[in-house]
Amino acid sequence: MTMVWGFRVAVRRENAASEFWLWGSLLFAYDLGAVALTFSYPFFMSQMGMEFWLLNAAFFSAYWNRNAAVHAHRR
């Protein structure tokens with residue numbers, strides 16, 4: 001599901017000034033590599049698995065709170 005969500009953010013370019021589509025594409029590529037590693041390595045049982053969830057959670061929260069980070073005079 002995190003790969004699907006990252007892909008949806010990557011292909012959706014709502015605002016040309018927003019850079020979330022770029023971060024979504026990087027996150028999708030990272031998630032794809034993580035899925036590939038699960039066939040040869042216990043990815044989610046290691047520190048890399050914790051990094052996977054940390055990066056996805058940080059991007060998810062930044063995407064949904066993107067308007068909260070803008071100062072009131074710039075809204």
- Message: Under 4.5 Å between side-chain heavy atoms, counting indirect links through other Ile/Leu/Val/Met/Phe/Trp/Tyr residues: same cluster for V11 and L22 or not?
- Response: no
- Query: How close do S25 and A10 get, heavy atom to heavy atom, and via which atoms?
  - Reply: N-CB, 3.5 Å
- Task: Report whether M48 and F44 are members of the same hydrophobic cluster (ILVMFWY, side-chain heavy atoms less than 4.5 Å apart, transitive linking).
- Result: yes
Using distance only, find each side-chain donor-acceptor pair of residues 28-43 under 3.5 Å and give its atom names and separation, not counting sequence neighbours.
| unit_1 | atom_1 | unit_2 | atom_2 | d |
| --- | --- | --- | --- | --- |
| D31 | OD1 | N56 | ND2 | 3.2 |
| T38 | OG1 | V35 | O | 2.5 |

- Task: Examine W5 and F52 and state if one hydrophobic cluster contains both, with Ile, Leu, Val, Met, Phe, Trp and Tyr joined whenever side-chain heavy atoms are less than 4.5 Å apart.
- Result: yes
- Nearest-0.5 Å distance that lies between atom OG1 in T2 and atom CZ in F59: 11.5 Å
- Give the cluster check for F20 versus L55: same hydrophobic cluster or not, with ILVMFWY residues linked at side-chain heavy-atom distances below 4.5 Å. yes
- Message: Are F7 and F60 linked, directly or through intermediate hydrophobic residues, by side-chain heavy-atom contacts shorter than 4.5 Å (ILVMFWY only)?
- Response: no
- Counting only heavy atoms not in W23, do more than 12 sit closer than 6.0 Å to its CH2 atom? no
- Message: Measuring from atom CG of L54 to atom CD of Q47, what distance do you get when rounded to the nearest 0.5 angstrom?
- Response: 10.5 Å
- Around M50, counting heavy atoms of other residues, nucleotides and ligands shown, do more than 12 lie under 6.0 Å from its CE? no
